Amino acid sequence: MALGDLMASRFSQSTVLIVPNHHDDSAATTFPSSASAAALNDDNDVTSVPHRRDSELAATSSSSTAAYVNAATTMAYLPQTNFLNELRHDAFELELPKGPSDSGLVSKWRPKDKMKTGCVALVLCLNISVDPPDVIKISPCARMECWIDPFSMAPQKALDLIGKSLTSQYERWQPKARYKCQLDPTLEEVKKLCTTCRRYAKSERVLFHYNGHGVPKPTPNGEIWVFNKSYTQYIPLPIRDLDSWLKTPSIYVFDCSAAGKIVNSFIELHEWSASNSSGSPRDCIMLAACEAHETLPQSVEFPADVFTACLTTPIKMALRWFCTRSLLRDSFDYSLIDKIPGRPNDRKTLLGELNWIFTAVTDTIAWNVLPHDLFQRLFRQDLLVASLFRNFLLAERIMRSANCTPVSHPTLPPTHQHHMWDAWDMAAELCLSQLPSLVEDPNAEFQPSTFFTEQLTAFEVWLDHGSEHKKPPEQLPIVLQVLLSQCHRFRALVLLGRFLDMGPWAVDLALSVGIFPYVLKLLQTTTPELRQILVFIWTKVLALDKSCQTDLVKDGGHIYFMKFLDSLEAYPEQRAMAAFVLAVIVDGHRRGQEACIEAGLSHVCLKHLESSSPNDSQTEPLFLQWLCLCLGKLWEEFTEGKIIGLQGHATSIFSPLLSEPQPEVRASAVFALGTLVDVGFDPCRSVGGDEECDDDDKFRAEVSIVRSLLSVASDGSPLVRAEVAVALARFAFGHNKHLKSIAAACWKPQTNSLINSLPSLANIKDTGGGYPKQSQHMAHGSIVSPQIGPLRVGSDNSKVIRDGRVSSSSPLASSGIMHGSPLSDNSSHHSDSGILNDGFSNGVVNNFGPKPFDNALYSQCVMAMCTLAKDPSPRVGNLGRRVLSIIGIEQVVAKPAKSSSVRTSEAIVSPSLARSSSWFDMNGGSLARSSSWFDMNGGHLPLTFRTPPVSPPRTSYIAGMRRVCSLEFRPHLMTSPDTGLANPLLGSGGASRTFDRSFLPQSNIYNWSCGHFSKPLLTAADDSEEVLAKREEREKFALEHIVKCQHSAVSRLTNPIAKWDIKGTQTALLQPFSPIVVAADENERIRIWNHEEATLLNSFDNHDFPDKGISKLCLVNELDDSLLLAASSDGNVRVWKDYSLRGKQKLVTAFSSIQSHKPGVRSLNAVVDWQQQSGYLYASGEMSSIMLWDLDKEQLVNTIPSSSECSVSALAASQVHGGQFAAGFVDGSVRLYDVRTPEMIVCGLRPHTQRVEKVMGIGFQPGLDPGKLVSASQAGDIQFLDIRNHSSAYLTIEAHRGSLTALAVHRHAPIIASGSAKQLIKVFSLDGDQLGTIRYYPTLMAQKIGSVSCLNFHPYQLLLAAGAADACVCIYADDNTPAR
């Protein structure tokens, strides 16, 4: 997209207010105080036209319009755009993102280990026709056992039949188990049965079912009764024996009166054995028919074994019981219940549907009532246990109606009155009402129940109103059941997706209910309409729990997502989700990487990256980002994957992605390229010196990767630079010895002979690294940094090293450098000569391997690493310093100059060395306040330096670094280039360690990007009403005050209303909508006051190594929650949020706006301005071009040649016309630029002609005229310019004689102010009339103000903030405003 189109698209969102110029005679357009932004946005109104053509412009301009003004101009007083408020700006500096986990909250949902009940022992003590002595039966009495009347046939036959019937009832729930039945057994038979079952079941669960209807109640000691051989006696069976035979895991079902006694005894036994042994607790589950004091119901409406009937034939039991309580009880034929058509597991039949609804209802009750871990254990671990417990809930409901309370261990809370039973009753009634007609006509179609539809609707209602802080939706288990049915499946999946989108807590709930096996199985379906929602659901699951990757690969699920990724009909955001799922599958999972490489994932991703073109609707940034991350994870530490990637031309496919507008895409591309760098990459495997490398392709790929990395090493986004640092660390690890030798050569305290060879070192063949030549003496591939031009050594007037010769008076040539320095002790002599002899012959670095990279490329890498080490973002700076430590450059951290103890190096260093510089000065070349490595050694300092073995600083070391004024680099010296080991300098002689690759800094972009998917994706994060109301209120305030300013009576503005004493104020700023003033001093300390209440709100340091001062403070998003942009004099820009909350300020982003983009420039006088309309930051300094940064993209989008030999000394961006700015130069000239025009520059003027001195301040005149400027030069003259009159200024004010230091132009009122070094501030109108003079502080002594360092007007009110260099910040208002 052309820059002009981009601007147009951005400005189309702006509220535009057309107000005539101040010098117009035409009637002013005034807005009543109630005018709001809404009124201004009416499409039919002139005020909202983004581009006004010349015909309209003529109406508002009284002078003849130049050709330039004919261009469509964009006018926007109140820009609607918002910047730097993406996810990446939230907490990049603060916390390390975690990414999907495989522990913690997650993985608790997984059943510990699935279990199976392998053997079932059925013991029936019925002794038909003989009643036990302790039971008095009523008449008529319950008789049915397993739905058989034992008195309708011979007792023995009935017993056998009941045994078979019970077996078949249990088999319905667990067909694969082995069943053994003992009818009226003896003690020995029971023992044999139990031991046989345990032997057969091995470690599986054994079920022991005991029916004691023909024997006495259990004893108080918990003994149950069996028979002797002749059935003449009841024999007690102690629970302890039973437990010892069956062992664990086991489940017991006791169907007899007073069954609770058995359970109590069991619990006592287990507690006793647990206290006496340290073994794991026994896995023992018990279900008993009633409490210890209760007798089984004898009513004839129940079977005698009502408890067993509920557990094994729940549908029949539930329907019979419901019939007796419903309106059907008199008319219904109970025998029909046995004839319900269908099969229990066929959901399309009546019986199947009833069974399905029953499962859903009981599951739902259990899930809503039980703690989740107990639900997992009882309802999800073992199929038979789950069925028995579902049916146990029914038993509780039915038996409580007969005043009998079933008991379980573990104990369940009462559920018999849960409202879900009403839903079951309704389904049962619908079923029974159509049962007679269905039995009569087998071909009749049954009406499916509306149960599931209604429950899904209830779930949907919950989704509309529920949240994390409300009760969870109780229908979740039903949604799970519905996934089994094709007719409801799509709706259920969509609702489930909406639920999962509510947050990680929702995903955890769904997993704990048991959703996982269902959605895993659904990946085998080929239904096209389910694909999108399934991909979404898996995205949500994997964003929380990475452990599912193994299940997916095992079931071949990755193929499903690859097909989706490759399908063009899906939306790119959805395909990005598929790429995310695949990235999680391969993340640190070798089996996943192998499976995806086999399936061709590398090829698929590269194909889509290659085919993405910038204007294509398919190239959603999120999709590109995840294609890159997916490839990076696929190749990470996986050699086979890397080779396939390189064969697929990955390096050339990725390089265009490094200039994508989204920082996330660029960072992901850098990450993927970084994973292709082999940590142990040795360009050659061969030993011979002259042999060609076998691996030419790999070598070329690595060169191209490094070039790509270097191209984004100075990207505007810290996200991207952090990834570059991580990738360069990998490169540094693999090319350690070459980089070390280059670094050591450059930092060496060099001897004369070596210094004489510098030019030949410098003229190593250039490989096109992207830096223009600085001078004929220093070729661009030079190892000596082009960053500082020719190396200057010694005092100010000492000679510069030219042609390799150094004057003998230079301290560099004196022997003190090698002898008498801390490095000259004997232990290091051999290593010095070792490097010099091995590493250099004829002054050119030898190849240490058969084919290392070009030295120029290595030196560029070292330079990039050094630049990263002094990055304005603390996190990136830390990473950069870790990279340097890999190539053996250690930081010497000096104490801050502010501290009471003076830095040794500053105190002792000789005057001749005070200005010398090392190859890289951490501060970008400020030598006044830092001394270099040369100085420290040349000054015979009594410092004991020691180089530790090569390993990066531990995090604790980085975190514990004190605030320091300057960081220096110094090399580790190596015993020889081949070993790559550091040599301790002070002769300690300890064994050196090799660098451990586990210390390599880790990339964060993947974990950070995963956070996107754990946030809600389906609900748009609308601005809340509150935010919109606040915005509207501010727009209204602004519009009212703009009109007031434009029509204000001209004001003196000399009444001081507030003042603070601060030394060295450099820049100040007034907030538009609150009485807040922000000021920064020369130590880059930023202070924020409330000037109405005279309180300090916050105060913080812009960064930890300040000594440049802040050249500009701006507000980004001033109409919303504004961010504070602080530009340091060295060109580093930092943006802060929450800056007015004490101690809560957060760094949003930081980048270097001019340094490292123009080598050879060590700018101390950066000039910067911000333009909200366009989102552009303009930056320049001691250089011949102006950098144009797009803060939305966090990218340098243009470098505008300033068409002047001189450097820029003042910059002003138009606050009305996006893309327009003016620059003032050191030679007194002024130029107007417009980035929307092809040639950029609009015109150049030389208004300051009397005495040519630099332009100190420049600004656009208030109003909408794009061509009217005010410019002030150091000589003291202020010129009013109109670009339509090229010859000269139309008005000149001689404000100060030769001492003007600051200029401020009000954004809307016809007023300007200038300040001078001679302790004076003057206020003028736009007509040139002087309105007032400010000379004194508002104090009793009326002391004079110092040299004025900064002036700044309030954007919408007549307030002026002034800062004096040596004293204070003061706010002035007109005479009517009361002082505070």
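Only this structure's heavy atoms are used, side chains among them; waters, hydrogens and symmetry mates stay out. The model shown is predicted, which means the values in this text are computed figures rather than measured ones.
No donor-acceptor distance shorter than 3.5 angstrom exists from the side chain of Glu636 to the backbone of Gly588, with no hydrogens or angles considered. Between the side chain of Arg390 and the backbone N or O of Thr362 there is no donor-acceptor pair closer than 3.5 Å. Of the possible donor and acceptor atoms, none in the side chain of Arg666 sits under 3.5 Å from a partner among the backbone N and O of Leu657.
A donor atom on one side chain and an acceptor atom on the other are found under 3.5 Å apart for Glu723 and Ser1003. Ser717 and Asp715 share no side-chain donor-acceptor pair at under 3.5 Å. With 3.5 Å as the limit, one finds no donor-acceptor pair spanning the side chains of Glu353 and Ser449.
Between Glu1194 and Arg88 there is a salt bridge, with a side-chain nitrogen of the basic residue lying less than 4.0 Å from a carboxylate oxygen of the acidic one. Between Asp90 and Lys1146 no salt bridge is recorded (no basic side-chain N to carboxylate O distance below 4.0 Å). Under 4.0 Å is where a charged nitrogen must lie from a carboxylate oxygen, and between Glu86 and Lys1193 no such pair does.
The shortest side-chain heavy-atom distance between Leu476 and Phe459 falls under the 4.5 Å cut-off. Under the 4.5 Å side-chain criterion, counting only non-hydrogen atoms from C-beta, Met502 is not in contact with Leu509. Residues Trp635 and Ile644 have side chains not in contact (no heavy-atom distance under 4.5 Å, counting atoms from C-beta outward). The shortest side-chain heavy-atom distance between Trp538 and Leu552 falls under the 4.5 Å cut-off. Within the 4.5 Å cutoff, no side-chain heavy atoms of Val553 are placed close to those of Glu594. Here the side chains of Thr457 and Arg491 are in contact, with some heavy-atom distance below 4.5 Å. Taking the side chain as every heavy atom from C-beta outward, Leu609 and Leu631 approach each other to under 4.5 Å.
The environment of Glu573 atom CD is dense: over 12 non-hydrogen atoms of other residues, nucleotides or ligands sit within 6.0 angstrom. The environment of Leu383 atom CG is sparse: at most 12 non-hydrogen atoms of other residues, nucleotides or ligands sit within 6.0 angstrom. Heavy-atom neighbours of His372 NE2 from other residues, nucleotides or ligands within 6.0 Å: above the threshold of 12. Summarising the local packing, NZ of Lys607 is surrounded by more than 12 heavy atoms from other residues, nucleotides or ligands at distances under 6.0 Å.
Counting all heavy atoms, side chain and backbone alike, Val720 lies closest to Pro663 at CG2-O, 3.5 Å. The minimum heavy-atom distance between His608 and Leu565, with the atom names listed, is NE2-O, 3.8 Å. The nearest pair of heavy atoms linking Leu1018 to Asp501 is N-OD2, 2.7 Å. The minimum heavy-atom distance linking Gly648 with Leu606 is given by the pair O-CD1, 3.8 Å. When all heavy atoms are compared, the tightest approach of Leu500 to Ala506 is CD2-O, 4.0 Å. Across Lys642 and Val677, no two heavy atoms sit closer than the pair NZ-O, 4.0 Å.
Atom NZ of residue Lys540 and atom CG of residue Leu1017 lie 4.0 Å apart, to the nearest 0.5 angstrom. Here the CG-CZ distance, from Leu622 to Arg575, works out to 12.0 Å after rounding to the nearest 0.5 Å. Remark: Ile537 CD1 to Tyr518 OH distance equals 14.0 Å, nearest 0.5 Å. Atom-to-atom distance recorded for Leu480:CG and Thr359:OG1 is 11.5 Å, nearest 0.5 angstrom. Here the CG atom belonging to Asn82 is positioned 4.0 Å from the CG atom belonging to Asn1117, to the nearest 0.5 angstrom. Atom CG of Asn878 is separated from atom CZ of Arg882 by 8.5 Å, given to the nearest 0.5 angstrom.
In this structure, Trp626 has its ring center under 6.0 Å from that of Phe1013.
Between His488 and Trp356, the angle of the ring planes lies from 30° to 60°, which puts this pair in the tilted group.
The side chain to side chain contact (heavy atoms under 4.5 Å, CB included) test with Cys548 singles out one residue from Val581, Val541, Val584, Leu520, and that residue is Val541.
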